[in-house]
Undergrad: 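Take this structure, written in structure tokens, and hold onto it; I'll ask about it next.
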Amino acid sequence: MVNWNEIDAYAKSWVKEAGEEIKKSFNQTLNIETKSNRNDLVTNIDKQTEQFFIKKIKAAFPDHNILGEEGFGDNIESLEGITWIIDPIDGTMNFIHQQRNFAISIGIYENGIGKIGLIYDVIHDELYHAMKGKGAYLNHRELSPLKEVNVNEAVISLNVTWVIQNNKIDPSILSRLAHDVRGTRSYGSAALELASIAAGRMDAYITLRLSPWDFAAGIVLLEEVGGIVTNLHGEPLNLLTQNSVLVAKPGLHQRVMHDYLHNGKW
Ligand code: IPD
Ligand code: CA
Ligand code: CA
């Protein structure tokens, strides 16, 4: 029998410990490298943080698998067993440029089912956390079920990338939505954008390209408060590949899918 409370307690204490280390790093000079392109950044602190989690997890739970963004975990080809999906710093560009608006994101899955989600906004000391079937919390406060909202009253998270020329979607599709909603935002940390929807601070998040570590924790939180999570074709997200992502409050998801995305046939 898996002791999820024990796993949850360890995960939370490690996340806090990692957060303290990240804060200490503000006094050091960062070693910044690029990955897939000149704006895809990684620092020595991203790498150290991932390695910190891997060391802790392997010592306490040697039979658990780890999928980490920076590649220090296991070579994951299936989600059989228990898998930790880790983004050590989500929002690395913000971490480098702003020293805020970034988060540690950890989703823990059992046979592909999300069991625990943790998103830690280090600078605000806000830990968003959820266990499947036990509700979602922001620090000690339980988050309320999400209420329906109309398109014209919605504040949505959408990066300008997707309303200018890009190689994923015709910009006119989402610029029409951007025109109709009350407002748009872009935080630059997918994990924080998802956590913001779970906390009712934002109504939807739309993006054309996210990796499993960007959304693994957020999905667990959102499921607890009734958020709807699919790709832009209305299908469930795949935790082993990149995905487009449409997350929204109930009702709003349906409207965006129907009125703007032609039920996924755009
Ligand atoms: C990125 C952030 C960003 C999103 C990118 C992600 P990283 O993660 O979540 O908001 O737009 O797609 O790759 O690289 O900072 O961990
Ligand atoms: Ca990320
Ligand atoms: Ca990252």
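Order of appearance sets the numbers: ligands from 1, and atoms from 1 within every ligand.
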Undergrad: Can you tell me which portion of R209 lies within the under-4.0 Å heavy-atom range of ligand 1? Options are side chain, backbone, both, or neither.
TA: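 Only the backbone of R209 comes within reach of ligand 1.
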
Undergrad: Could you report the tightest heavy-atom contact between I173 and Y260, atom names first, then the distance?
TA: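 Smallest heavy-atom distance, with atoms named: CG2-O, 3.4 Å.
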
Undergrad: Where on D90 is there a heavy atom closer than 4.0 Å to ligand 1, on the side chain, on the backbone, on both, or on neither?
TA: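 Both backbone and side chain.
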
Undergrad: Kindly indicate, with the supporting measurements, whether the criterion side chain to side chain contact (heavy atoms under 4.5 Å, CB included) is fulfilled by I54 and I57.
TA: CA-CA 5 Å; I54 290 171; I57 297 162; 5.5 Å; no

Undergrad: Can you tell me if N94 contacts ligand 1 (heavy atom of the residue under 4.0 Å from the ligand)?
TA: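 No, N94 has no heavy atom closer than 4.0 Å to ligand 1.
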
Undergrad: Answer yes or no: is there a side-chain heavy-atom contact under 4.5 Å between P88 and E70?
TA: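 A side-chain contact exists here, since the closest heavy-atom pair is under 4.5 Å.
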
Undergrad: Which atoms of ligand 1 have any heavy atom of S189 under 4.0 Å away?
TA: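 Those qualifying, in numeric order: 9 (O), 10 (O).
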
Undergrad: Enumerate the atoms of ligand 1 whose separation from the nearest heavy atom of D87 is less than 4.0 angstrom.
TA: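 Matching atoms, with element in brackets: 16 (O).
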
Undergrad: Which is it for Y10 and K12 under the side chain to side chain contact (heavy atoms under 4.5 Å, CB included) test, yes or no, and what are the steps along the way?
TA: CA-CA 5 Å; Y10 272 118; K12 281 178 177 151; over 6 Å; no

Undergrad: Quick test of your reading of the model: are E69 and K35 salt-bridged, counting only N-O distances below 4.0 Å?
TA: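 Counted as a salt bridge, because a side-chain N and a carboxylate O are separated by less than 4.0 Å.
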
Undergrad: Please state which protein non-hydrogen atom is closest to atom 14 (O) of ligand 1 and give its distance, to 0.1 Å?
TA: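 Protein heavy atom with the smallest distance to atom 14 (O) of ligand 1: E69 OE2, 3.9 Å.
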
Undergrad: Go through the steps to decide whether L118 and D8 satisfy the test side chain to side chain contact (heavy atoms under 4.5 Å, CB included), and finish with yes or no.
TA: CA-CA 9 Å; L118 301 174; D8 187 53; 4.3 Å; yes

Undergrad: Got more than 12 heavy atoms from elsewhere within 6.0 Å of NE2, H262?
TA: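 More than 12 heavy atoms, drawn from other residues, nucleotides or ligands, come within 6.0 Å of this atom.
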
Undergrad: Which atoms of ligand 1 sit under 4.0 Å from any heavy atom of L210?
TA: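 Reading through ligand 1 atom by atom, the close ones are 12 (O).
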
Undergrad: Check this for me, if you would: do K16 and D125 make a salt bridge, where the nitrogen-to-carboxylate-oxygen distance has to be below 4.0 angstrom?
TA: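 Yes, K16 and D125 are salt-bridged.
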
Undergrad: Quick one: do K47 and E33 satisfy salt bridge (Lys or Arg N to Asp or Glu O under 4.0 Å)? Show the steps, please.
TA: CA-CA 11 Å; K47 293 181 187 178; E33 292 168 47; 3.1 Å; yes

Undergrad: Regarding ligand 1, does A190 bring an N or O atom to under 3.5 Å of one of the ligand's N or O atoms?
TA: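 Yes.
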
Undergrad: Keeping to distances under 3.0 Å, can you name the protein N/O/S atoms close to the Ca ion (ligand 2)?
TA: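 Atoms qualifying: D87 OD2, D90 OD1, D214 OD1.
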
Undergrad: Using the six-membered ring wherever Trp is involved, compare the ring planes of F102 and F26 and label them parallel, tilted or perpendicular (cut-offs 30° and 60°).
TA: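 The arrangement is perpendicular - the two ring planes meet at more than 60°.
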
Undergrad: In ligand 1, which numbered atoms sit nearer than 4.0 Å to a non-hydrogen atom of I89?
TA: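 Per the distance check, 16 (O).
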
Undergrad: So which heavy atom in the protein is nearest atom 11 (O) of ligand 1, and how far is it from that ligand atom?
TA: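 Result: Y205 OH, 4.4 Å.
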
Undergrad: Mark the output for T207 as yes if a heavy-atom distance to ligand 1 is under 4.0 Å, and as no if none is.
TA: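 No, that is not the case, since the closest heavy atom of the residue is not under 4.0 Å from the ligand.
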
Undergrad: Residue-level breakdown please: for A191 versus ligand 1, do any non-hydrogen atoms fall below 4.0 Å on the side chain, on the backbone, on both, or on neither?
TA: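 Neither; nothing of A191 gets under 4.0 Å from ligand 1.
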
Undergrad: Tell me which protein heavy atom sits closest to atom 10 (O) of ligand 1, plus the residue, atom name and distance to 0.1 Å.
TA: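 Answer, as residue, atom name and distance: G188 C, 3.0 Å.
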
Undergrad: Could you go through T92 and D46, starting from their C-alpha distance and side-chain angles, then the distance that decides it, and tell me whether this counts as side-chain hydrogen bond (donor to acceptor under 3.5 Å, both in side chains)?
TA: CA-CA 8 Å; T92 296; D46 298 62; 2.6 Å; yes

Undergrad: With no hydrogens and no angle check, is any side-chain donor or acceptor of D203 less than 3.5 Å from a backbone partner on I156?
TA: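 Judged by distance alone, no pair lies under 3.5 Å.
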
Undergrad: Using a strict cut-off of 4.0 Å, indicate which atoms of ligand 1 neighbour a heavy atom of T92.
TA: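 Per the distance check, 15 (O).
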
Undergrad: In terms of residue, atom name and distance, what is the protein heavy atom nearest to atom 7 (P) of ligand 1?
TA: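 Atom 7 (P) of ligand 1 sits closest to the protein heavy atom G91 N, 3.7 Å.
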
Undergrad: Evaluate the criterion side chain to side chain contact (heavy atoms under 4.5 Å, CB included) for residue pair Y128 and V220; output intermediate values, then yes/no.
TA: CA-CA 11 Å; Y128 300 83; V220 182; over 6 Å; no

